[in-house]
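This report concerns only the one structure given below.
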Protein chains: 2
Amino acid sequence: MASVKHDSREKLIRAAQKATYQQGFAQTSLADIAKAAGVPLGNVYYYFKTKEALGEAVIDARLSYIHRAHDSWEQSSSPADRLCAFVDSVLDNKEALARGGCSIGTLCSELSKARGPLARKASELLKQHLLWIQEQFSLLGRNTDAHSLAIHLLAGLQGVGVLAHSLGDADLVVTETRRLREWIRSL
Amino acid sequence: MASVKHDSREKLIRAAQKATYQQGFAQTSLADIAKAAGVPLGNVYYYFKTKEALGEAVIDARLSYIHRAHDSWEQSSSPADRLCAFVDSVLDNKEALARGGCSIGTLCSELSKARGPLARKASELLKQHLLWIQEQFSLLGRNTDAHSLAIHLLAGLQGVGVLAHSLGDADLVVTETRRLREWIRSL
DNA sequence: GTCTATATGTGGATAGAC
DNA sequence: GTCTATCCACATATAGAC
């Protein structure tokens, strides 16, 4: 079956995604990933030329996940409901946020320091979110300041991710998402 | 002179602080730090038992810097002015933010993933900021929701740090600090 | 206190048998 | 395509002369 053909490849990407989120990309060794995926270390290089190539695959997986999330939030008919669905998804994830931070934010932060080609690719994750949010604000009739509003919302969520993670306090997410939801409704 | 006695030690801390901010703590080797400080690699261990001990010293240096900053902002008489002075200090730093993110936020994020004793120590940096901000809101007469307001302000600033850094766009800091300043004045 | 040399471990990457 | 063994670079940490 086609699903089996690249089974090891998929397993490696999933293991890399999980380990990278938990420990950071640089701190995750290919040996860690191979072990978690149940694949011999040497085989990693059959599927990915370098560690960086595996990193790209991880980002691609997160990108397609983001697009699926956008699709699901667009089931809500009003732009405000869509934005609140986004905020709610963060709230639903509060425990993981307190344990490991935002999977996208922490990845982008780390890779941005490295300043490699991966940094540019990872920034696309935040960019896609920002564009989607901005579009919702435009649909809400806030054409002139949609950009600024989108920055405010995403910054608030990224920021509370940093705080909840660093302080190990999931309740911060409750507090801040409530405020952001009310802010959206007030526009 | 006493100032010369621990000259190398101070140089090492400064070099470590700079390199850690630019590349991340784990990605910075003791060889990098020693070279930048003009100190032979072996000597590092005369001043610091381990790399982690040097990390602690870096955090201590940042902690005392934070306290000095709080003192300077308290030159402003009104709590709102003090909070705006804090926000302004972030705006003044926008170029560095776009290049390397928030020196405190990125450090806390990275170390929180490692989950070592350094993580706890680094979280004190954010905690101190949060407490100071909360106190200003209390002085503003917002006793009941000072905590939630403080989270909102610090999250906004941390978040815009993540965005400006990852997207390499200092203008985001201009946009968001303007909004946060107006929000403070509206309370 | 200051420096050089080096032990020790680990990680990315490759070679080559099967 | 899959696996084992290994090369090589680099990082923390130590030993020991000066």
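Throughout, protein chains are lettered first and strands after them, A, B, ... in sequence-line order, and every chain is numbered starting at 1.
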OP1, OP2 of D:dT2 versus side-chain N and O of A:Tyr46: anything below 4.0 Å?
no
My understanding is that only residues two or more places apart in sequence, or in another chain, count here; which of them pass salt bridge (charged side-chain N to carboxylate O under 4.0 Å, His left out) with A:Arg99?
none
Please list all pairs meeting ring pair (Phe, Tyr, Trp, His ring centres under 6.0 Å) that have one or both residues in residues 94-123 of chain B, counting only residues at least two apart or in different chains.
none
Between D:dT12 (P) and B:Leu54 (CG): distance, integer Å:
10 Å
To the nearest angstrom, how far is A:Asn43 atom CG from C:dG16 atom P?
17 Å
D:dT14, OP1 or OP2 - any side-chain N/O from B:Tyr45 closer than 4.0 Å?
no
Please give, in whole Å, the distance from D:dT2 C1' to A:Leu12 CG?
13 Å
Quick one: are B:Arg142 and B:Leu187 in side-chain contact, heavy atoms under 4.5 Å?
yes
Give me the residues of residues 29-42 of chain B where at least one heavy atom lies under 4.0 Å from an atom of DNA chain C, by number, or none.
B:Pro40, B:Gly42
Please determine if a side-chain N or O atom of A:Tyr47 lies less than 4.0 Å away from the OP1 or OP2 oxygen of D:dT2.
yes
Spacing between A:Lys51 atom NZ and C:dT10 atom C1', to the nearest angstrom
12 Å
Side chains of A:Glu74 and A:Trp132: donor-acceptor distance under 3.5 Å anywhere?
yes
I want to know whether B:His152 and A:His152 have ring centres closer than 6.0 Å.
yes
Side-chain donor-acceptor contact under 3.5 Å, B:Asp32 with B:Ser29
yes
How many Å lie between CZ on B:Arg9 and P on C:dT2, as a whole number?
13 Å
If I take atom CZ in residue B:Phe48 and atom P in nucleotide D:dT14, what distance separates them, rounded to the nearest angstrom?
15 Å
